[in-house]
Number of protein chains: 4
Amino acid sequence: MNDSGEGTAQAARPKRADARRNEAALLDAAAAVFVASGVEAPVRDIAAEAGVGVGTIYRHFPTRADLIVAVYRHQVDACAEAGPALLAAGATPHAALAEWINRFVDFLVTKHGLAAVLQSDNAGFDTLHTYFLDRLVPVCAELLDAAVEAGEVRSDLGALELLRGVGNLCIGAEDPRYDARRLVDVLIAGLRRPPAH
Amino acid sequence: MNDSGEGTAQAARPKRADARRNEAALLDAAAAVFVASGVEAPVRDIAAEAGVGVGTIYRHFPTRADLIVAVYRHQVDACAEAGPALLAAGATPHAALAEWINRFVDFLVTKHGLAAVLQSDNAGFDTLHTYFLDRLVPVCAELLDAAVEAGEVRSDLGALELLRGVGNLCIGAEDPRYDARRLVDVLIAGLRRPPAH
Amino acid sequence: MNDSGEGTAQAARPKRADARRNEAALLDAAAAVFVASGVEAPVRDIAAEAGVGVGTIYRHFPTRADLIVAVYRHQVDACAEAGPALLAAGATPHAALAEWINRFVDFLVTKHGLAAVLQSDNAGFDTLHTYFLDRLVPVCAELLDAAVEAGEVRSDLGALELLRGVGNLCIGAEDPRYDARRLVDVLIAGLRRPPAH
Amino acid sequence: MNDSGEGTAQAARPKRADARRNEAALLDAAAAVFVASGVEAPVRDIAAEAGVGVGTIYRHFPTRADLIVAVYRHQVDACAEAGPALLAAGATPHAALAEWINRFVDFLVTKHGLAAVLQSDNAGFDTLHTYFLDRLVPVCAELLDAAVEAGEVRSDLGALELLRGVGNLCIGAEDPRYDARRLVDVLIAGLRRPPAH
DNA sequence: TATGAATGAGTATTCATTCAT
DNA sequence: CATGAATGAATACTCATTCAT
């Protein structure tokens, strides 16, 4: 009752509020630096952008993967959660899949370097991989399975593979001569089963 | 002959041969190291593999991009040159394009890290980009245009874009859970124009 | 009473008790951490073990030396106080000295890292040195002098020197291949005057 | 014939000479810094003292243990090699042991921090431990065994233990109030077996 | 008075690149 | 021309200590 409650008048832990604010600022700063220099930017740059010492970064996010996950968690979660609704609302499973993938692409395309890191085999990023895959592969699989079941798309492709393909297509999307969205569109179109005869 | 005269012809010739041999050995070594450790392998590793000093590498190939280009030039050229023949021999332009792309993929997936570097925005790799694009984009464009003209594929995609998409799909092809060839197959299938209803 | 008056006596008293309890808890925690990780363990570890913030440690013990002294004061005092009794009860002054040294060794070898820190020339440990020496050197001197006077031991060694030698022999006593007690035994035996021939 | 020869007029590898000179300078600098700041001095300080970049240190001595061993190798070897001669020449095995230990102490006492590091359980110093022990324990054992056999000294102490005790007694020998030599003298005296009856 | 968040100095290590031999 | 030794910038991470709440 008087513990960790936030609604009570007691207001036991003012620090907590500060720290939370600080953490939010950190995430903003990290997001900004990630956009500018990619998710592998030096810790010091992020600290500088946030106007804090490097120790503060490490306090809040012991590993870089923790930081990246924290920065993108909300968007990844939102993407994941949108899946079922799209499936329910979509004209066809394939259309739902396409729309869901579009959202994923919208997310990725604005994250300089994230797509690249997502396929890095660097051990330090395991947590990151795990988070993304745990969160997104099941959703993708659900949509993909539905489309396969409906006979709309070829069945020899896994959800992980598809997601990685899409992720890869988003690499380098900063270049105006390269339209990742269009290429993903082509890829998703290519999933379609050729009409029976 | 075009060298500072050394008096006897006997002294000048062997040197040239040596240098050429040396450069070839360098390329072999680099290729081997690229396979093992990727195209971003430490210069020293390459020098060690070649049995030369690092200075020798820098003398022959001032930038890493120069070295990479030199290592893959033959294969890239061969790929480029195969385009017209495939177009002439293919059942349809789309089939020719697919086959040509397959060859490009075959080349890329065996070059650990090359696909990743091909989309790096690092200034040092400009030469590399330039070479690959100068060499391959025109060929790809020719095949693509033919297919567009034949009404087989959508017309809103550029050759550069397509090549980069394919290149991106080849990133991380070392992972057995990820079949770059299949994904490229899907992509190429997706190029097809939906049958006019 | 000697505190800034808070009006009611009721408010002031419990605080004092709390503070004392707190300090005792701190010492217990520090002792535990010292055993586990040595006397140079991170301040945070000690704070965590005590369940307090690091600030609390610093408030009570501004320097690490202060904390170490506080943790071991009782045992050092007990050791110091045992001296005269041992001298009175011992069969010979040398036996008394040996027994007293044994007690010192028993104390030291169970204090992971303390012996090492006792000879550190780091300025921050001055307080620590001072305390140990002020407390123990006079006692050791008394025992040593008695033994010298009795003609049992050589006279060219000072009490400080002897204590430091013993302390040094206790360094690394954690290693089972190293028996500090035995070496100290040898050292004390070596003090004996060679029998006059 | 023209390979790696140094006596030939060819003088094939001038670099080698430079590097060797450089390495010697490095060792001198390291020795100086070790004296001033102990063997755990920052790599940068050593580099600065030697007037070289840190990379040069790492090139010659990949680990700190390598550097320490290199700095002290000659003296350790000399010490080890002196053992048999001393045994042969000594009045008694115990006297030979005492003299050999004295030489070891002479070596250690001038090496600020070395004694401390010799008993550090830090994994990075394994090579160092190994070198010292491999080199010195057998010699010490030979001398000790001889003395035991001659019935001069107690037999319950191992050579490793003895050496570590001596090493420990040398810690802090910088302090003028502490005479490590005298304490070691006492220790060695203490080894003597009490006369039979 | 207690807390623990924030600070930032300090250190190790790698590797691209230069240049004396 | 070839060599490879030397350089030093770049970066990660820890932990003692301070100070706002």
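Here is how names work: the chains are called A, B, and so on, in the same order as the sequence lines, proteins then strands, and each is numbered from 1.
Atom pair I68(B):CD1 and dA16(E):P shows a separation of 12 Å (rounding to whole Å applied). Atom CG of L26(C) is separated from atom P of dT1(E) by 15 Å (rounded to the nearest Å). Following rounding to the nearest Å, I46(C) (CD1) and dA16(F) (C1') show an atom-to-atom distance of 12 Å. Counting to the nearest Å, the C1' atom of dA16(F) and the CZ atom of F61(C) are 17 Å from each other.
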Can you check each nucleotide of nucleotides 6-13 of chain E against protein heavy atoms at under 4.0 Å and return B for base, S for sugar-phosphate only, - for none, in 5' to 3' order?
BBBBBSBB
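When side chains are defined from C-beta on, I46(A) does not count as touching F61(A), because their heavy atoms never get closer than 4.5 Å. Side-chain contact check for Y72(B) versus V39(B): some heavy-atom pair is nearer than 4.5 Å.
Of the nucleotides present, dA2(E) is the one that pairs with dT21(F) by Watson-Crick or G-U wobble criteria, both distances under 3.5 Å. Base pairing of dA10(F) is made with dT13(E), judged by Watson-Crick or G-U wobble geometry with both donor-acceptor distances under 3.5 Å.
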When you look at I68(A) and Y131(A), which way does the side-chain contact (heavy atoms from CB on, under 4.5 Å) test go after all the steps?
CA-CA 10 Å; I68(A) 299 179; Y131(A) 176 71; over 6 Å; no
Just do the side-chain contact (heavy atoms from CB on, under 4.5 Å) check on E49(B) and D45(B) with the steps written out, would you?
CA-CA 6 Å; E49(B) 172 77 22; D45(B) 292 359; over 6 Å; no
Test side-chain contact (heavy atoms from CB on, under 4.5 Å) on R64(A) and V43(A); report intermediate values, then the result.
CA-CA 8 Å; R64(A) 180 180 294 271; V43(A) 178; 3.7 Å; yes
Verify side-chain contact (heavy atoms from CB on, under 4.5 Å) between L67(A) and F34(A), making sure each step is shown before the conclusion.
CA-CA 11 Å; L67(A) 178 55; F34(A) 286 175; 4.1 Å; yes
